[in-house]
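What follows is a set of notes on a single structure, which appears directly below.
Being a predicted model, the structure only gives us computed values, none of them experimental.
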Amino acid sequence: MLETNIDDLNPEIYEYVMRRLFDAGALDVFFAPIQMKKNRPATLLRVLCRPDDVPAMTAILFAETTTLGVREQRVQRHALRRESRTVT
């Protein structure tokens, strides 16, 4: 999981950044409003990706956002098996 706090990026750019991350193989991307020190509003950007994709995701975050740093930690995902059924 990669994450960064962003406080100075035009929110109109978020969709573009999300698309770039998904196109590069991100498993999940989300933005959440947060409060930083001195009660400044900001946005938490979190990216779930495979370990092999960390360099590419980090490069996108540095190139396409105003972040100066990215936090990385290993997390484990659990998912239910999905199936499709036709119902009348």
Side-chain angles (χ1 to χ4, degrees):
M1 179 174 65
L2 304 174
E3 66 180 17
T4 186
N5 299 342
I6 299 173
D7 64 349
D8 58 351
L9 182 66
N10 182 335
E12 294 176 351
I13 305 297
Y14 294 166
E15 182 180 356
Y16 167 77
V17 172
M18 181 181 279
R19 190 172 347 108
R20 287 282 321 272
L21 292 163
F22 277 126
D23 288 349
L27 302 172
D28 196 11
V29 178
F30 74 84
F31 298 87
I34 59 172
Q35 296 299 121
M36 294 183 20
K37 65 182 174 184
K38 298 184 183 178
N39 212 26
R40 280 195 340 253
T43 301
L44 170 66
L45 168 52
R46 191 169 278 172
V47 181
L48 294 179
C49 64
R50 293 175 183 83
D52 291 345
D53 293 333
V54 167
M57 299 297 156
T58 303
I60 291 169
L61 293 173
F62 283 133
E64 303 295 353
T65 73
T66 55
T67 190
L68 299 175
V70 176
R71 294 177 294 278
E72 175 185 346
Q73 59 185 3
R74 296 220 179 241
V75 297
Q76 190 170 2
R77 283 188 344 145
H78 301 276
L80 291 174
R81 194 177 64 156
R82 297 179 187 192
E83 60 184 56
S84 298
R85 293 184 184 182
T86 302
V87 181
T88 56

Residues at least two apart in sequence or cross-chain that pass side-chain contact (heavy atoms from CB on, under 4.5 Å) with Arg50, listed by chain then number, are Leu27, Asp53
In terms of heavy-atom contacts, Ala26 and Cys49 come closest through CA-CB, 4.4 Å
Contacts satisfying ring-ring contact (aromatic ring centres under 6.0 Å, His included) that involve residues 20-66 (not counting sequence neighbours) are Tyr14-Phe31
Here the pair of heavy atoms bringing Asp7 nearest to Pro41 is CB-O, 3.9 Å
Residue pairs passing the salt bridge (charged side-chain N to carboxylate O under 4.0 Å, His left out) test with at least one member in residues 58-68, sequence neighbours excluded, are Arg20-Glu64
Check for me, please, whether Ile13 and Val47 land in the same ILVMFWY cluster - side-chain distances under 4.5 Å, paths through other members count. yes
Between the OG1 atom in Thr43 and the CG atom in Asn5, the distance rounded to the nearest 0.5 Å is 9.0 Å
Hydrophobic cluster identity match, Leu45 and Val70, side-chain contacts under 4.5 Å:
yes
Sorted by chain and number, sequence neighbours left out, side-chain contact (heavy atoms from CB on, under 4.5 Å) with Asp8 holds for Ile6, Thr66
| task | Treating Ile, Leu, Val, Met, Phe, Trp and Tyr as nodes and any side-chain heavy-atom pair under 4.5 angstrom as an edge, say whether Leu9 and Leu68 lie in one connected cluster. | result | no
Applying salt bridge (charged side-chain N to carboxylate O under 4.0 Å, His left out) to Asp28 and not counting sequence neighbours gives none
Contacts of Arg81 meeting side chain to side chain donor-acceptor pair (under 3.5 Å) (sequence neighbours excluded), chain-then-number -> none
Applying side chain to side chain donor-acceptor pair (under 3.5 Å) to Arg19 and not counting sequence neighbours gives none
Residues passing the side chain to side chain donor-acceptor pair (under 3.5 Å) test with Glu12, sequence neighbours excluded, are none
Residue set satisfying side chain to side chain donor-acceptor pair (under 3.5 Å) with Thr67, at least two apart, ordered chain then number -> Thr4
Residues 65-76 vs salt bridge (charged side-chain N to carboxylate O under 4.0 Å, His left out), sequence neighbours excluded, gives Glu3-Arg71
side-chain contact (heavy atoms from CB on, under 4.5 Å) filter on Ala24, not counting sequence neighbours, yields Met57, Ile60
### Query
Quick one: does Leu61's side chain get under 4.5 Å of Leu21's, heavy atoms only?
yes
